Amino acid sequence: MRLDRYLANRARVSRQDVRRLVAEGRVMVNGEVNRTLDREIRVFDRIELDGESLQVGKAARYLMLHKPAGCVSATQDTAHRTVLDLIDEPDKQDLHIAGRLDFNTTGLMLLTNDGQWSRRLTQPTSLQGKVYLVETEDEIDPACVEAFARGMYFRFENLTTLPAKLVILGSTKARLTLHEGRYHQVKRMFGRFNNKVTALHRESMGPLTLDGLLEPGGYRPLTAHEIGQI
Ligand code: URA
């Protein structure tokens, strides 16, 4: 919500009074005088009027988790353990997953209560590369490299996948970089070549790489530097 609208609602003053309060430097956002009426206010912002708190500002939370196999990328599930069950943090129900992984896929998972931040990372048009290590049942056909780079038509979504980079590391092992996150995308891409994905591990999302010190099931808060990179 814009600051002027927020103030009018919260302090119950007219739009004209809001303009005056802001022009007189009586409104502080996150400890600094704010003179911009159209500034977007978020739940994480601390807002004061004449030194009195209008909004304390919720703490923004960002976690990196090493997702183990056999765990659902959801916050609730009646049958299986979820990634949230691995986390021992207050208010963990406020967290959501930025980029789900399948039940048996392992690797980098990010959880946050900041929707704008996670959208920047995961929206289909975001150009943040997601890097996966893939193991397959059968030998990887070198023709996959060209086909993945060209893009594949997915009839269900009626779209062609964005160019993806496949580097073959061994007869049944490869590293794949995607720039979007379609449903079961990696498995469907290899499926076109009748090759089953037997193991899938996400190494990185954009500039964020899974911390090698995190055991499967382990997690840690992101650093300020990591948060700022998205
Ligand atoms: N593609 C898949 O098929 N599964 C995942 O978990 C992630 C990408």
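Here, residue 1 is the first one in the sequence, and each next residue gets the next number. Counting starts at 1 for both ligands and their atoms, in listed order. We use all heavy atoms of the structure for the numbers below, so side chains are in, but hydrogens, waters and symmetry mates are not. This structure is a prediction, so every number in the text was calculated from the model and none was measured.
- If you number the atoms of ligand 1 from 1 as listed, the ones under 4.0 Å from a heavy atom of Gln185 come out as 1 (N), 2 (C), 3 (O).
- Using modelled atom types and a 3.5 Å distance limit, the side chains of Tyr153 and Asn158 yield a donor-acceptor pair.
- Taking every non-hydrogen atom of Asp102 and a distance limit under 4.0 Å, the qualifying atoms of ligand 1 come out as 2 (C), 3 (O), 4 (N), 5 (C), 6 (O).
- Both the backbone and the side chain of Val186 come within 4.0 Å of ligand 1, judged by heavy-atom distances.
- The distance criterion of under 3.5 Å between nitrogen or oxygen atoms is not met by Leu101 with respect to ligand 1.
- A salt bridge (charged side-chain N to carboxylate O under 4.0 Å, His left out) with Arg220 is found for one member of Glu89, Glu215, Glu226 and no other, namely Glu226.
- Of the heavy atoms in Leu200, only side-chain atoms (C-beta onward) come closer than 4.0 Å to ligand 1.
- In summary, Asp17 and Arg20 engage in a salt bridge, as defined by a charged side-chain N under 4.0 Å from a carboxylate O.
- Checked by atom type, the side-chain pair Ser118/His96 shows a donor-acceptor distance below 3.5 Å.
- Applying the salt bridge (charged side-chain N to carboxylate O under 4.0 Å, His left out) test to residues at least two apart or on different chains, the pairs with a partner in residues 194-204 are Arg175-Glu203.
- Ligand 1 lies within reach of Tyr132, whose nearest heavy atom is under 4.0 Å from it.
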